[in-house]
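This is the structure I want to talk about, given as structure tokens.
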Amino acid sequence: MLDITFIRSNREIVKQGMLNKGEPTADAVDEVIKKDETWRQLVTEIGTLRAESNSRAREIGILMGQGKKEEAQNLIRETGEVKEKIKELEKSLDVIQKERDTLLYQIPNVPDESVPVGKTDEDNVVFSAWGEPLQQEWRLPHWELASEKNWLDFERGSKVAGAGFPFYVGALARLQRSLINFFLNEAVLHGFTEIQPPYFVNEDSARGTGQIPDKEDMMYTVPGDGFFAIPTAEVPVTNFHRDEIIEMKDMPVYYCAYTPCWRREAGSYGADVRGLNRLHQFDKVELVKFVHPDESDGELERLREYAESLLQKLDLPYRTLLMCTGDMGFTQTKKYDLEVWSPGQKRWLEVSSCSNFGSFQARRMQLRFRNEKGKTEILHTLNGSGLALPRVVASILETYQTESGDLKIPEVLIPFMGTDRV
RNA sequence: GGAGAGAUGGCUGAGUGGUCGAAAGCGCUCCCCUGCUAAGGGAGUAUACUCCAAAAGGGUAUCGAGGGUUCGAAUCCCUCUCUCUCCGCCA
């Protein structure tokens with residue numbers, strides 16, 4: 001949610017940003033400003049009437065205290081009219097406010113100036129690249145190697161849960177656990193505080209990070225309890241401080257969390273969903289930052305660099321994309337995607353997405369800090385994957401496989417795996 | 001799941017229909033005094049919205065949340081949420 005005051009004084013910028021993000025029109029901006037004007041008028045009017053009603057009530061109290069019942073009765077009679085008027089206006093205010101807020105929720109965050117304007121993923125910019133993508137023809141896609149080794153069981157996954165819920169078996173299960181440990185250890189070394197969040201959240205939390213209204217279809221729900229299965233740890237971790245004021249001395253706040261993630265992924269098909277490319281449940285280590293508004297630009301770059309360093313330590317070639325306005329999503333001001341090379345499929349796989357949300361999420365959540373002057377101020381949030389597991393696993397299976405059909409273990413994972421080859 | 005108790009400002013904790021946004025204490029900030037790592041005195045110290053060009057300053061709302069009664073509610077009524085205690089169940 002954008003600040004209505006910001007929208008009022010930056011009408012054209014907000015409109016342009018909305019169009020750049022691919023919204024068909026930016027009419028909501030004009031409408032919300034109009035609604036807000038009416039809203040403010042009503043608030044002022046109601047305030048005045050309430051002031052009057054309050055002062056009369058106080059007078060009545062004093063008269064009663066002095067035993068002047070007659071005079072008090074007169075005043076009480078007169079007050080009825082004001083009360084009626086207030087009730088009436090309050091009803092209108094309620095309606096207007098709902099209309100205003102609905103519009104407000106429809107206006108996306110404004111892209112940063114450094115973000116390229118574009119419509120689709122074709123317009124994303126390759127920001128950087130690292131490593132030499134392997135091209136040998138003998139490399140098998142990860143699902144073939146995994147099948148030969150009995151490491152992945154999609155059939156039983158379907159039987160037990162459904163499509164997109166595979167079992168990881170034996171060495172591959174251990175490899176995932178090793179990656180989780182590696183990622184968490186690295187994050188803690190870089191100053192992130194490790195937390196284990198709930199895997200289900202309530203509606204308020206889903207709204208706080210912007211999953212609703214808009215993207216509730218992406219989440220699994222728990223019937224009867226009103227819970228959503230988290231689509232990413234971002235949801236519970238960012239909501240950790242919802243409705244709180246963080247002291248300046250405690251800023252910036254960095255968290256990392258490992259969780260499974262559940263996504264319905266309605267409408268996905270084809271090669272996209274082969275093997276580990278796209279699942280309904282996957283593991284991820286997520287990084288979340290709460291920072292001073294002046295710092296968020298730099299913090300995004302450091303977040304990106306940190307995520308990249310993980311791929312470098314695993315020695316997996318990757319490239320970093322700077323997402324264009326049309327492909328970046330509703331809530332972000334700027335976003336990088338990290339894509340790892342999949343030599344068995346000869347394609348890039350997204351394994352991390354690092355985003356700056358500015359004050360957009362924080363405002364919804366009333367997530368504030370006490371600034372230098374002791375005033376409360378909405379802070380900025382960022383998050384990034386560090387990293388999403390299945391595609392990293394896929395890339396490892398394809399990058400580290402030998403021509404004889406074994407799998408070498410990336411050096412940094414050997415301590416966790418207890419072996420250098422499986 | 002059953003029974004009971006409770007939810008007040010950064011914290012502790014008063015307040016059961018009338019100048020209560022809320023006593024007092026603690027903490028914190030500033031000032032004064034004090035020649036010493038103590039003590040004393042004074043002032044200040046919630047959040048959101050809104051009016052005003054802005055500052056100063058007004059106004060409104062908020063005592064877990066929502067609704068109700070009333071001229072007036074932290075205080076009465078209803079619903080919900082959460083916390084604690086005891087019992088049951090349990091990884």
Side-chain angles (χ1 to χ4, degrees), chain A residues 1-10 32-105 196-208 222 224-228 236 239-251 253 260 359-379:
Chain A
M1 183 172 66
L2 286 173
D3 181 13
I4 184 69
T5 312
F6 175 82
I7 297 176
R8 253 191 272 149
S9 46
N10 296 277
V32 83
I33 290 175
K34 211 183 282 174
K35 287 286 177 213
D36 182 57
E37 257 162 48
T38 315
W39 180 85
R40 272 157 47 223
Q41 214 172 310
L42 276 171
V43 162
T44 307
E45 219 170 311
I46 290 172
T48 311
L49 289 173
R50 278 198 187 133
E52 192 179 332
S53 155
N54 284 347
S55 79
R56 288 195 188 180
R58 221 171 293 131
E59 273 180 64
I60 292 167
I62 293 168
L63 290 173
M64 293 293 236
Q66 297 169 341
K68 296 178 180 168
K69 281 209 170 147
E70 286 273 313
E71 289 175 48
Q73 281 304 325
N74 288 338
L75 260 182
I76 289 172
R77 232 170 289 127
E78 282 172 34
T79 310
E81 216 177 292
V82 180
K83 300 269 299 170
E84 281 303 308
K85 187 79 184 156
I86 290 176
K87 254 191 189 149
E88 205 179 292
L89 290 179
E90 276 175 340
K91 262 184 213 153
S92 325
L93 183 73
D94 207 46
V95 173
I96 296 285
Q97 186 164 332
K98 282 208 177 89
E99 288 172 352
R100 186 195 68 175
D101 290 348
T102 305
L103 286 167
L104 212 46
Y105 276 124
Q196 286 192 1
Y199 296 166
F200 300 99
V201 294
N202 58 28
E203 210 176 290
D204 286 342
S205 298
R207 198 188 319 282
V222 181
D225 293 298
F227 291 137
F228 296 97
N239 275 282
F240 187 63
H241 287 300
R242 169 151 52 89
D243 289 322
E244 290 183 18
I245 298 169
I246 298 176
E247 292 304 323
M248 188 74 184
K249 64 177 165 52
D250 299 324
M251 298 262 287
V253 180
S359 58
F360 201 82
Q361 286 185 328
R363 185 166 300 104
R364 276 188 202 209
M365 285 192 245
Q366 284 300 303
L367 220 170
R368 293 159 294 172
F369 73 106
R370 210 173 292 284
N371 66 19
E372 301 83 347
K373 293 174 186 162
K375 281 279 171 199
T376 54
E377 184 178 340
I378 305 283
L379 51 73

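Note that these values count all heavy atoms, side chains included, but never hydrogens, waters or copies made by symmetry. Quick note on labels: first sequence line is chain A, next is B, and so on, each numbered from 1.
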Just by distance, do the side chain of A:Arg56 and the backbone of A:Glu78 share a donor-acceptor pair under 3.5 Å?
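Flag set: sc A:Arg56 to bb A:Glu78 pair under 3.5 Å.
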Provide the distance between the two C1' atoms, one in B:U34 and one in B:G40, to the nearest whole Å.
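Going atom to atom, C1' in each nucleotide, I get 9 Å.
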I want to verify a distance call: between B:U50, B:C71, B:U19, whose nearest atom is closest to the A:Thr44 side chain?
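Nearest to the side chain of A:Thr44 among the choices is B:U50.
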Rounding to an integer number of angstrom, what distance separates B:G68 and B:U75 when you compare their P atoms?
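The answer is 14 Å between these two P atoms.
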Find the distance A:Asp36:CG to B:C49:C1' and express it as a whole number of Å.
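To the nearest whole Å, that distance equals 11 Å.
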Neighbour count >12 (heavy atoms, 6.0 Å) for atom CD, A:Glu244
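Counting other residues, nucleotides and ligands, CD of A:Glu244 exceeds 12 neighbours.
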Output the residues of residues 69-79 of chain A in contact with RNA chain B, where contact means a heavy atom of the residue under 4.0 Å from an atom of the strand; sort by number or write none.
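Correct list: A:Ile76, A:Thr79.
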Rounded to the nearest Å, what distance is computed from the CD1 atom of residue A:Ile378 to the P atom of nucleotide B:U47?
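Roughly 13 Å, once rounded to whole Å.
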Can you tell me the pairing partner of B:A74 across any strand shown, Watson-Crick or G-U wobble, with both distances under 3.5 angstrom?
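Per the H-bond distance test, none.
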If I take atom CD in residue A:Gln366 and atom P in nucleotide B:G64, what distance separates them, rounded to the nearest angstrom?
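Nearest whole value for this atom pair: 19 Å.
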Using the 3.5 Å cut-off, write out each protein N or O paired with an N or O of nucleotides 56-62 of chain B and the distance between them.
from  : atom 1 : to      : atom 2 : distance (Å)
B:G59 : O2'    : A:Gly47 : O      : 3.4
B:U60 : OP1    : A:Asn54 : ND2    : 3.4
B:U60 : O2'    : A:Arg50 : NH1    : 3.0
B:A61 : OP2    : A:Asn54 : ND2    : 3.4

A:Leu75 vs A:Leu63 side-chain heavy atoms within contact, under 4.5 Å
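Result yes, sub-4.5 Å side-chain heavy-atom pair found.
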Does B:C49 have OP1 or OP2 under 4.0 Å away from a side-chain N or O of A:Arg40?
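So the side chain of A:Arg40 is outside the cut-off, no N or O lying under 4.0 Å from OP1 or OP2 of B:C49.
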Please give, in whole Å, the distance from B:U50 C1' to A:Leu89 CG?
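Going from CG in A:Leu89 over to C1' in B:U50 covers 15 Å.
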With sequence neighbours left out, what residues match A:Phe369 under ring-ring contact (aromatic ring centres under 6.0 Å, His included)?
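A:Phe369: ring-ring contact (aromatic ring centres under 6.0 Å, His included) contacts with A:His292.
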How far does the C1' atom of B:U29 sit from the matching atom of B:C36, given to the nearest Å?
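Between the two C1' atoms, the distance is 23 Å.
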Rounded to the Å, how far apart are A:Lys375 NZ and B:U47 P?
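So the two atoms are 6 Å apart, to the nearest Å.
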d(CZ, A:Arg56; C1', B:G18) in whole Å
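Rounded to whole Å, this separation is 17 Å.
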Going through the distances and angles, do A:Arg50 and A:Glu90 end up as a side-chain contact (heavy atoms from CB on, under 4.5 Å)?
CA-CA 11 Å; A:Arg50 278 198 187 133; A:Glu90 276 175 340; 2.3 Å; yes
Sequence neighbours excluded and cut-off under 3.5 Å, please list the side-chain donor-acceptor pairs for residues 32-43 of chain A, or say none.
from    : atom 1 : to       : atom 2 : distance (Å)
A:Lys35 : NZ     : A:Glu99  : OE1    : 2.9
A:Asp36 : OD1    : A:Arg100 : NH1    : 3.2
A:Asp36 : OD2    : A:Arg8   : NE     : 3.0
A:Asp36 : OD2    : A:Arg8   : NH2    : 3.4
A:Asp36 : OD2    : A:Arg40  : NH1    : 3.0
A:Thr38 : OG1    : A:Lys34  : O      : 3.1
A:Trp39 : NE1    : A:Gln97  : OE1    : 3.1

Expressed in whole Å, how much space separates the P atoms belonging to B:G13 and B:C84?
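The same atom, P, in both gives a distance of 16 Å.
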C1' gap between B:C20 and B:A14, integer Å
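The same atom, C1', in both gives a distance of 12 Å.
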Is there side-chain contact between A:Ile246 and A:Arg370, with heavy atoms separated by less than 4.5 Å?
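Contact flag for A:Ile246/A:Arg370 side chains = no.
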Watson-Crick or G-U wobble partner for B:C36, using a 3.5 Å limit on both distances?
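Partner of B:C36: none.
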One pair to check against side-chain contact (heavy atoms from CB on, under 4.5 Å): A:Ile86 and A:Ser53. What are the steps and the verdict?
CA-CA 9 Å; A:Ile86 290 176; A:Ser53 155; 4.2 Å; yes
Using a 4.5 Å cut-off on heavy atoms from C-beta on, say whether the side chain of A:Glu84 contacts that of A:Glu88.
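A:Glu88 vs A:Glu84: side chains apart.
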Need to verify one output field. Residue with the more 5' nearest nucleotide on RNA chain B, A:Ala57 or A:Trp39?
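Going by which nucleotide is closer to the 5' end, it is A:Ala57.
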Regarding A:Thr376, tell me which of base, sugar-phosphate or nothing describes its non-hydrogen contacts under 4.0 Å with the strands shown.
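Here A:Thr376 touches the backbone only, sparing every base.
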Before you tell me yes or no, could you show the steps for A:Arg242 and A:Leu367 under side-chain contact (heavy atoms from CB on, under 4.5 Å), namely the whole-Å CA-CA distance, both residues' side-chain angles and the distance that decides it to 0.1 Å?
CA-CA 5 Å; A:Arg242 169 151 52 89; A:Leu367 220 170; 5.7 Å; no
What does the B/S/- profile of nucleotides 73-79 of chain B look like, 5' to 3', with a 4.0 Å heavy-atom cutoff to protein?
-------
Any donor and acceptor pair, going by atom type alone, linking the side chain of A:Asn239 with main-chain N or O of A:Ser205 inside 3.5 Å?
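Pair found, side chain donor or acceptor close to backbone of A:Ser205.
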Taking the same atom, C1', in B:G15 and in B:G21, what whole-Å distance lies between them?
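Straight-line distance between the two C1' atoms is 13 Å.
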What is the base-pairing partner of B:C49, counting Watson-Crick and G-U wobble geometry with both distances under 3.5 Å?
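Per the H-bond distance test, B:G59.
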Which base sits across from B:U29 as a Watson-Crick or G-U pair, both distances under 3.5 Å?
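Pair assignment: B:U29 / B:A43.
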Could you measure between the two P atoms, the one in B:U60 and the one in B:A74, and give it in whole Å?
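Their P atoms lie roughly 14 Å apart.
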For A:Arg58, what residues pass the side chain to side chain donor-acceptor pair (under 3.5 Å) criterion, not counting sequence neighbours?
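Side chain to side chain donor-acceptor pair (under 3.5 Å) check on A:Arg58 returns nothing, list empty.
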Give the rounded distance in Å between these two atoms: CG of A:Leu49 and C1' of B:C71.
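Those two atoms, CG and C1', are 15 Å apart.
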Can you check the distance between B:A56 and B:C63, where both ends of the measurement are the P atom (answer in whole Å)?
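It works out to 27 Å between them.
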Residue whose closest nucleotide on RNA chain B lies nearer the 5' end, A:Met64 versus A:Gly80
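Looking at the nearest nucleotide for each, A:Met64 comes out on the 5' side.
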Paired nucleotide for B:U12 [Watson-Crick or G-U wobble; both distances under 3.5 Å]:
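For B:U12, the partner nucleotide comes out as B:A24, under the 3.5 Å rule.
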Applying side-chain hydrogen bond (donor to acceptor under 3.5 Å, both in side chains) to A:Gln366 and A:Asp243, what does each step give before you reach the verdict?
CA-CA 5 Å; A:Gln366 284 300 303; A:Asp243 289 322; over 6 Å; no
Tell me the partner of B:A3, counting only Watson-Crick (N1-N3 plus N6-O4 or O6-N4) or G-U wobble (N1-O2 and O6-N3) with both under 3.5 Å; none if nothing fits.
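When the pairing criteria are applied, B:U85 turns out to be the nucleotide that pairs with B:A3.
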CZ of A:Arg242 versus P of B:C82: gap in Å, rounded?
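Computing the A:Arg242:CZ to B:C82:P distance gives 13 Å.
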Applying side-chain contact (heavy atoms from CB on, under 4.5 Å), run through A:Phe200 and A:Val222 and close with a yes or a no.
CA-CA 9 Å; A:Phe200 300 99; A:Val222 181; 3.7 Å; yes
Side-chain N or O of A:Arg370 closer than 4.0 Å to phosphate OP1/OP2 of B:G10
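Checking A:Arg370 against B:G10: no side-chain N or O falls below 4.0 Å of OP1 or OP2.
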